[in-house]
**Student:** 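Take this structure first; my questions come after.
Protein chains get the first letters and strands the later ones, always in sequence-line order, with residue 1 at the start of each.
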Amino acid sequence: MRLFDTLSRTERDLRPIDGSTYRFYCCGPTVYGPAHIGNFRTFVLQDVFRRTLETGGFRTLHVRNITDVDDKTIRDSQKAGKSLTEFTAGWTAKFHADCEKLGLLPPHIEPGAVEHIPQQIAMIEKLVEKGNAYASEDGSVYFKISSFPGYGRLSRLDQRELDIGKTQNARSNSDEYEKDSLSDFVLWKSRRPDDGDNFWQSPWGEGRPGWHLECSAMIQEYLGNSFDLHSGGIDLVFPHHENEIAQSECACGGHFAEHWFHITHLLVDGGKMSKSLGNLYTLDDLALKGHTAMEVRYVLIGAHYRKQLNFTLDSLTGAREALAKLAKGARHLAANADPDARLTSADFGPFQAAWDSLANDLNTPCALGGLFTGLRDASALTGVEAAAALAGFNRVLRALGLTLPEEAVHDSSAIPESIQAIAEARWQARLAKNWAESDTLRARLAEEGWLVKDGKESYSLEPLPAA
RNA sequence: GGCGGAGUAGCCAAGUGGUAAGGCAAUGGUUUGCAAAACCGUCAUUCGAGGGUUCGAUUCCCUCCUCCGCCUCCA
């Protein structure tokens, strides 16, 4: 499989460093509220990435952290009148529930920052020892950017730009901590009154860890000094990932991540998503509008991960139809397939192009297109050939993490008797060619939320989709 | 100001130096009492604008226009 690498700016073949298991780290959510669809674009694409690796025959080790201590979690837990632990546990559970709905495979390891404070302190001590970090008078510790010549390589910042950043910081005077250079970033934050009970003992006094360091420490704990790939939203390139590289390479020596995988932000209705515009959707918001998580997933993989994706409510409706079409095609193929076929080859048949798209820089929209054209090309197949095609279809579908809607089978006993009575009366009127009466009753059924489908010999009822 | 990305049908969205995937919507037909559902079709001489290179450019180069992201502990 080939994937674009942010650092080298080239597509590269993925090969596990250890020759067997592809080990990667994803920056996870900060659990202070429900994740929105923008967050989920990143997590869904990371999931497709992992599934594609696994479909391609790799073993994987997927680590994704939970950021459960930072300014926002502390602030909002206090607002909610809860302990930090209780507060973040609630939102972590919500995150997991949403992930499950979206069909995300749980990471193999999901470490939380609070549980890894000792590892973080140890890493900071090492950085101080090596001269890459220094403590300020108030007991905070900063990373000394000038001690790491590679700083800025990932995000292509040169020294001049860093200097501009310094002057901007100086002008806004937004940082209340003391540091030598305005570009230096914090590793350990000394305790402040508004931290409440949320502080830990360290060699520099009471305080809490900085965000950037959290990931570096947990990566070292679970993946060692070098690992295969690091991923996150595009906004993390600078400063988060840039800082991680600096911390980790200075503390651990050598090479940090082999490959960098960043997912571009999505837009909503052509613009930035924001609370004030009212277009910041969570899964629950969309469920209230009648959209399933799988429809959301379909939309999120509908654009290439390195391009902005324009999310609209209309596209969710389109996704519903598209998923139904895929399900129909799959059922058609299954009906023609020999159920006892013993498949020996693991190729993709008519879905080879779909798979190739995925394996080539994770081109999910192209892979989706390949599913539709593959179904069209396979529609005339029967027996063993249909069974083989279906297997190929399902492999691509699994790599995309899509679950298709079941054929709507409505239990007639679940239909209220009053509705059945109307429907029966309508059928009789129809048999009597009393069209006016028949149409009136059909309209009444629609008002009650039921759609009647006429057949040759009989009819069936279905609930109308929620408006 | 610096860095980066994007402009492809009504909408979402691939793609390529050789003549525009796919989905939604729309629309024609079959079917239907009429619809719905289902099935079969149709649907960009054209890829933001203008130049240039080329036998040939949507794809490469230049200029311009528009949009978006990052440069603040936002995925």
**Student:** Say we look at B/rC71 and B/rC24: how far apart would their P atoms be, to the nearest angstrom?
**Tutor:**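 Going atom to atom, P in each nucleotide, I get 38 Å.
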
**Student:** Tell me: NE2 of A/H332 to P of B/rA38, nearest whole Å?
**Tutor:**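 From A/H332 NE2 to B/rA38 P: 15 Å.
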
**Student:** Give, for atom CG of A/L309 and atom OG1 of A/T264, the distance between the pair rounded to the nearest 0.5 Å.
**Tutor:**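 Between A/L309 CG and A/T264 OG1, I get 10.0 Å after rounding to 0.5 Å.
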
**Student:** Choosing from B/rC68, B/rG33, B/rA75, which nucleotide comes nearest the side chain of A/K272?
**Tutor:**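 Out of B/rC68, B/rG33, B/rA75, the nucleotide with an atom closest to A/K272's side chain is B/rC68.
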
**Student:** Between B/rG33 and A/D439, counting only base atoms on the nucleotide and side-chain atoms on the residue, is there a donor-acceptor pair under 3.5 Å?
**Tutor:**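 Looking at the base of B/rG33, it does pair with a donor or acceptor on the side chain of A/D439 (distance under 3.5 Å).
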
**Student:** When the P atoms of B/rG23 and B/rA44 are compared, how many Å lie between them, rounded to an integer?
**Tutor:**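 That atom pair is separated by 14 Å.
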
**Student:** By the 4.0 Å heavy-atom rule, please label A/R64 as base, sugar-phosphate, or nothing.
**Tutor:** nothing

**Student:** Whole-Å distance between B/rU72 P and A/H240 NE2?
**Tutor:** 16 Å

**Student:** Could you check, using the six-membered ring where one of them is a Trp, whether A/H291 and A/Y298 have ring centers closer than 6.0 angstrom?
**Tutor:**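 No, they do not, as the ring centres are separated by 6.0 Å or more.
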
**Student:** Relative to the ring of A/F256, is the ring of A/H230 parallel (under 30°), tilted (30 to 60°) or perpendicular (over 60°)?
**Tutor:** tilted

**Student:** Taking the side chain of A/R430 as its heavy atoms from C-beta onward, which of B/rG23, B/rC34, B/rC74 lies nearest to it?
**Tutor:**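 Nucleotide nearest to A/R430's side chain: B/rC34.
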
**Student:** Give me the ring orientation class for A/Y151 and A/F238: parallel if the planes are under 30° apart, tilted from 30 to 60°, perpendicular past 60°.
**Tutor:**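 Correct class here is perpendicular.
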
**Student:** For atom C1', what is the distance between B/rG17 and B/rU54, given to the nearest Å?
**Tutor:**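 Nearest-Å result for B/rG17 against B/rU54 at atom C1': 9 Å.
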
**Student:** Rounding to the closest angstrom, what is the interatomic distance between B/rG22 and B/rC55 at atom P?
**Tutor:**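 Their P atoms lie roughly 33 Å apart.
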
**Student:** I'd like to check, for A/H265, whether its ring lies over the base of B/rA75 with centroids under 5.5 Å apart and a plane angle smaller than 30°.
**Tutor:** yes

**Student:** Separation of A/H241 atom NE2 from B/rG4 atom P, in whole Å?
**Tutor:**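 It works out to 20 Å between those atoms.
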
**Student:** Does the ring centre of A/H241 sit less than 6.0 Å away from the ring centre of A/H212?
**Tutor:**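 Centroid separation for A/H212 and A/H241: 6.0 Å or greater.
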
**Student:** In this structure, how many angstroms lie between the C1' atom of B/rA75 and the CZ atom of A/R41, rounded?
**Tutor:**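 That distance rounds to 10 Å.
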
**Student:** According to a strict under-4.0 Å criterion, is A/K325 in side-chain N/O contact with OP1 or OP2 of B/rG22?
**Tutor:**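 No, outside the criterion.
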
**Student:** With a 3.5 Å cut-off and just heavy-atom distances, do the side chain of A/R156 and the base of B/rC70 make a donor-acceptor pair?
**Tutor:**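 Between B/rC70 and A/R156, which were checked side chain against base, a qualifying N/O pair under 3.5 Å is absent.
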
**Student:** Check every atom of B/rG4, B/rA75, B/rG33 against the side chain of A/S438 and return the nucleotide holding the closest atom.
**Tutor:**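 Among B/rG4, B/rA75, B/rG33, the one nearest the side chain of A/S438 is B/rG33.
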
**Student:** Give a yes or no on this: more than 12 heavy atoms of other residues, nucleotides or ligands lie within 6.0 Å of atom CZ of A/R75.
**Tutor:**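 More than 12 within 6.0 Å, yes.
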
**Student:** Does any N or O donor sit under 3.5 Å from an N or O acceptor when you compare the side chain of A/R442 with the base of B/rA35?
**Tutor:**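 Yes, a donor-acceptor pair under 3.5 Å.
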
**Student:** A/D235 has a side chain; which of B/rC70, B/rA36, B/rG23 sits nearest to it?
**Tutor:** B/rC70

**Student:** Which whole-number value in Å describes the distance from A/D454 CG to B/rA35 P?
**Tutor:**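 Roughly 13 Å, once rounded to whole Å.
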
**Student:** Looking at A/D194, I want to see if its CG is surrounded by more than 12 non-hydrogen atoms of other residues, nucleotides or ligands under 6.0 Å.
**Tutor:**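 Above 12, so yes.
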
**Student:** The criterion is ring-ring contact (aromatic ring centres under 6.0 Å, His included); which residues satisfy it with A/F351, sequence neighbours excluded?
**Tutor:** A/F393

**Student:** Quick check on RNA chain B: between A/H304 and A/T42, whose nearest nucleotide comes earlier from the 5' end?
**Tutor:**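 Result of the comparison: A/H304.
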
**Student:** Of all of residues 91-115 of chain A, which get a heavy atom below 4.0 angstrom from RNA chain B, listed by number?
**Tutor:**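 RNA chain B contact set from residues 91-115 of chain A: none.
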
**Student:** I'd like the P distance from B/rA26 over to B/rC60, given in whole Å.
**Tutor:**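 36 Å, rounded to whole Å.
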
**Student:** In whole angstrom, give the distance that lies between atom CE of A/M273 and atom C1' of B/rC68.
**Tutor:**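 It works out to 14 Å between those atoms.
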
**Student:** Taking the same atom, P, in B/rA25 and in B/rC62, what whole-Å distance lies between them?
**Tutor:**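 Taking atom P in both B/rA25 and B/rC62, they lie 42 Å apart.
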
**Student:** According to the interplanar angle, ranging from 0 to 90°, do the rings of A/F43 and A/F40 count as parallel (below 30°), tilted (30 to 60°) or perpendicular (above 60°)?
**Tutor:** perpendicular

**Student:** Return the 5'-most residue of the pair A/G270, A/I263 with respect to RNA chain B, ranking by each residue's nearest nucleotide.
**Tutor:**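 Between the two, 5'-proximity favours A/G270.
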
**Student:** Calculate the interatomic distance between A/F261 atom CZ and B/rA75 atom P; express it in whole Å.
**Tutor:** 16 Å

**Student:** Would you please name every residue forming a side-chain contact (heavy atoms from CB on, under 4.5 Å) with A/L105, sequence neighbours left out?
**Tutor:** A/D47, A/R50, A/R51, A/E54

**Student:** Taking atom CD of A/E115 as the centre, report whether more than 12 heavy atoms of other residues, nucleotides or ligands fall under 6.0 Å from it.
**Tutor:** no

**Student:** Tabulate atom names and distances for all N/O pairs under 3.5 angstrom spanning the protein and nucleotides 25-30 of chain B.
**Tutor:**
none

**Student:** If you measure from the C1' atom in B/rU63 to the same atom in B/rU53, how many Å do you get, rounded?
**Tutor:**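 These two C1' atoms come out 15 Å apart once rounded.
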
**Student:** Near A/R12 CZ, under 6.0 Å, is it more than 12 heavy atoms from other residues, nucleotides or ligands?
**Tutor:** yes

**Student:** Using a 4.0 Å heavy-atom cut-off across all strands, classify A/R75 as base, sugar-phosphate, or nothing.
**Tutor:** nothing

**Student:** According to a strict under-4.0 Å criterion, is A/T30 in side-chain N/O contact with OP1 or OP2 of B/rC74?
**Tutor:**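 It does not, given that no N or O in the side chain of A/T30 lies less than 4.0 Å from OP1 or OP2 of B/rC74.
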
**Student:** Please check if atom CD in A/E100 has more than 12 non-hydrogen atoms from other residues, nucleotides or ligands closer than 6.0 Å.
**Tutor:** no

**Student:** Determine whether the side chains of A/D70 and A/Y32 contain a donor N or O and an acceptor N or O closer than 3.5 Å.
**Tutor:**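 Looking only at side-chain atoms, A/Y32 and A/D70 do not form any donor-acceptor pair under 3.5 Å.
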
**Student:** How is the base pairing of RNA chain B summarised as a dot-bracket string, given the Watson-Crick and G-U wobble criteria with both distances under 3.5 Å, [ ] for crossing and | for another strand?
**Tutor:** (((((((..(((.....[...))).(((((.......))))).....(((((..]....))))))))))))....

**Student:** For this output row, return yes or no: ring centroids of A/Y305 and A/F4 closer than 6.0 angstrom.
**Tutor:** no

**Student:** Mind calculating the distance between CG (A/L236) and C1' (B/rC70) to the nearest angstrom?
**Tutor:** 11 Å

**Student:** Below 30° counts as parallel, above 60° as perpendicular, anything between as tilted: where do the rings of A/H62 and A/H108 land?
**Tutor:**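 Rings of A/H62 and A/H108: perpendicular, over 60°.
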
**Student:** Going 5' to 3' along nucleotides 7-12 of chain B, which nucleotides have protein heavy atoms under 4.0 Å from the base (write B), which only from the sugar-phosphate (write S), and which from neither (write -)?
**Tutor:** S----S

**Student:** Across the strands shown, which category fits A/G38 at heavy-atom distances under 4.0 angstrom: base, sugar-phosphate, nothing?
**Tutor:**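 Base contact.
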
**Student:** Does a donor on one side chain and an acceptor on the other come within less than 3.5 Å for A/E110 and A/N65?
**Tutor:** no

**Student:** Is A/F372 stacked against the base of B/rG22, taking the criterion as centroid distance under 5.5 angstrom and interplanar angle under 30°?
**Tutor:**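 It does not: the two rings, one from A/F372 and one from B/rG22, miss the stacking criterion.
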
**Student:** Taking B/rG48 as the reference, what is the distance to B/rA6 when you measure between their P atoms (whole Å, please)?
**Tutor:**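 These two P atoms come out 12 Å apart once rounded.
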
**Student:** Go through B/rG33, B/rG69, B/rG23 for me and flag the one nearest to the A/W435 side chain.
**Tutor:**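 Output: B/rG33.
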
